[in-house]
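The next block holds one structure in the form of structure tokens; read it before the comments.
Owing to the predicted nature of the structure, the values given are computational and were not obtained by experimental measurement.
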Amino acid sequence: MKRAVVLTCAHASPETSNDRFTWLGKLLYDLKPDYVVDLGDGADMKSLNSYDTRKPEAIVSQSYEKDIDCYNDAMYRMREVFIKQRRKRPSFFGFEGNHEARIKTALSLDPRLEGKKFGISFKHLNTNKWFDEYHEYENGAPAIFNYDGVDYAHYVGAGNFGRPISGVHHAFGLIQARYRSTTVGHSHKRGIYFKDAVNAIGLVAGCYKGSNESWAGQANQDWFRGIVIKHNIEDGMYDPEFISMERIKREYA
């Protein structure tokens, strides 16, 4: 039976230190999971957001180049100890989140911006370098892919418009929608629901953010900052363990 580490919504941003990725890399080195699942929004890409266009004080410090550099630095830090020790690292499986998708949205609005050397490009995220498998959006929505009987996605949609399932009973809603073990991120909250009769677990994995968000207000207090370790994975079932970022920091900072 396998062991996996799940993280989501790390939101690497030049405004926040990437030290948390160094700590996580050390944990991965000690834990030696079979694979790591990154559910997306690893890159914040604040420079491409559509909310600050009328707020000069907000956009003056934003930089596409710094956003890209910060994300790639975060990805390197997670793998750094394996590289330096010349040890085999676990497999990394990645998913595009809505924040990475900002790059594609910007290009759809103005294709003249595209350019790997002098423009903007999804290739700047170097997903082929950092991940053994990477799942981009499909038909305008996050991809869903199964590993060891568990469906993974940045979020799972419901209804004809595919709006993300959320709410107080988020984890339960995943089981109702998929009828199988499903793990998502996106909401920054954590939740879990066991449906043992059909061997299914609904899991909402929180986030790995390094700082609060001014736009979120009191919602910042509802967010779980950390990772999930899945032990003994077999046919969609596993033993979950939530590890807070504070605990990781105490151990590895």
Pair up each side-chain donor or acceptor in residues 237-245 with any protein partner under 3.5 Å, not counting sequence neighbours, and list the distances.
residue	atom	partner	partner atom	Å
Asp239	OD2	Asn232	ND2	2.8
Glu241	OE1	His231	NE2	2.7
Ser244	OG	Arg247	N	3.1

Do we see a donor-acceptor contact under 3.5 Å between the side chains of [X] and [Y]?
{"X": "Tyr147", "Y": "Glu133", "result": "yes"}
{"X": "His170", "Y": "His186", "result": "no"}
{"X": "Asn72", "Y": "Trp130", "result": "yes"}

Does [X] reach the side chain of [Y], with side-chain heavy atoms less than 4.5 Å apart?
{"X": "Val184", "Y": "His154", "result": "no"}
{"X": "Lys230", "Y": "Val5", "result": "no"}
{"X": "Pro33", "Y": "Leu28", "result": "yes"}
{"X": "Leu48", "Y": "Tyr64", "result": "yes"}
{"X": "His124", "Y": "Ile103", "result": "no"}
{"X": "Asn126", "Y": "Met75", "result": "no"}
{"X": "Tyr137", "Y": "Asn98", "result": "yes"}
{"X": "Val228", "Y": "Arg190", "result": "no"}

Please give me the minimum heavy-atom distance between [X] and [Y], naming the atom from each residue.
{"X": "Phe82", "Y": "Pro90", "result": "CZ-CD, 3.5 Å"}
{"X": "Gly202", "Y": "Ala171", "result": "O-CB, 3.4 Å"}
{"X": "Ala158", "Y": "Ile165", "result": "CB-CG1, 3.7 Å"}
{"X": "Pro111", "Y": "Ser108", "result": "CD-O, 4.3 Å"}
{"X": "Gly40", "Y": "Thr8", "result": "O-OG1, 3.7 Å"}
{"X": "Ala74", "Y": "Asn18", "result": "N-ND2, 3.6 Å"}

Within a 6.0 Å radius of atom [atom1] on [X], are there more than 12 heavy atoms belonging to other residues, nucleotides or ligands?
{"X": "Asp235", "atom1": "CG", "value": "no"}
{"X": "Glu65", "atom1": "CD", "value": "no"}
{"X": "Lys249", "atom1": "NZ", "value": "no"}

Find the distance between [atom1] ([X]) and [atom2] ([Y]) and round it off to the nearest 0.5 Å.
{"X": "Leu203", "Y": "Ile192", "atom1": "CG", "atom2": "CD1", "value": "5.0 Å"}
{"X": "Thr22", "Y": "Tyr76", "atom1": "OG1", "atom2": "OH", "value": "9.5 Å"}
{"X": "Tyr152", "Y": "His135", "atom1": "OH", "atom2": "NE2", "value": "11.0 Å"}
{"X": "Ile144", "Y": "Thr182", "atom1": "CD1", "atom2": "OG1", "value": "7.5 Å"}
{"X": "Ser47", "Y": "Lys66", "atom1": "OG", "atom2": "NZ", "value": "11.0 Å"}
{"X": "Glu100", "Y": "Asp41", "atom1": "CD", "atom2": "CG", "value": "5.5 Å"}

Does [X] share a hydrophobic cluster with [Y], counting links as ILVMFWY side-chain heavy atoms below 4.5 Å and allowing steps through other members?
{"X": "Tyr71", "Y": "Trp23", "answer": "yes"}
{"X": "Phe224", "Y": "Phe194", "answer": "yes"}
{"X": "Ile227", "Y": "Tyr35", "answer": "no"}
{"X": "Phe93", "Y": "Met1", "answer": "no"}
{"X": "Phe145", "Y": "Ile233", "answer": "yes"}

Subject >> Ionic contact status for Arg89 with Asp132, cut-off 4.0 Å >> reply: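 Result for this pair is yes, salt bridge flagged.
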**OP:** Tell me whether the guanidinium CZ or amine NZ of Lys104 lies under 6.0 angstrom from the six-membered ring centre of Phe122 and within 45° of its axis.
**Re:**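 That pair qualifies as a cation-pi contact.
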Does the plane of the ring in [X] sit parallel, tilted or perpendicular to the ring in [Y]? Use 30° and 60° as the thresholds.
{"X": "Phe21", "Y": "Tyr208", "result": "perpendicular"}
{"X": "Tyr193", "Y": "Phe172", "result": "perpendicular"}
{"X": "His188", "Y": "Trp223", "result": "perpendicular"}

Return yes if some donor-acceptor pair links the side-chain N/O of [X] with the main-chain N/O of [Y] below 3.5 Å, else return no.
{"X": "Asn220", "Y": "Gly217", "answer": "yes"}
{"X": "Asp67", "Y": "Lys46", "answer": "yes"}
{"X": "Asp34", "Y": "Ala4", "answer": "no"}
{"X": "Ser121", "Y": "Lys116", "answer": "no"}
{"X": "Asn146", "Y": "Gly149", "answer": "yes"}

Subject >> Set of side chain to side chain donor-acceptor pair (under 3.5 Å) partners for Asp19, sequence neighbours left out >> reply: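 Scan of Asp19 (side chain to side chain donor-acceptor pair (under 3.5 Å), adjacent residues dropped) gives Ser17, Arg77.
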Original post:
Of all residues at least two apart in sequence or in a different chain, which pass the side chain to side chain donor-acceptor pair (under 3.5 Å) check with Asp69?
Top reply: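 Testing Asp69 for side chain to side chain donor-acceptor pair (under 3.5 Å), a comparison that skips the adjacent residues, returns none.
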**OP:** Check step by step if side-chain contact (heavy atoms from CB on, under 4.5 Å) holds for Val150 and Ile201.
**Re:** CA-CA 8 Å; Val150 181; Ile201 302 173; over 6 Å; no
**OP:** Take Ile175 and His169 through the test side-chain contact (heavy atoms from CB on, under 4.5 Å) and record every step on the way to the result.
**Re:** CA-CA 10 Å; Ile175 299 299; His169 305 294; over 6 Å; no
Original post:
What's the verdict on side-chain contact (heavy atoms from CB on, under 4.5 Å) for Asp38 and Phe92, showing C-alpha distance, side-chain angles and the deciding distance?
Top reply: CA-CA 7 Å; Asp38 184 338; Phe92 279 81; 6.0 Å; no
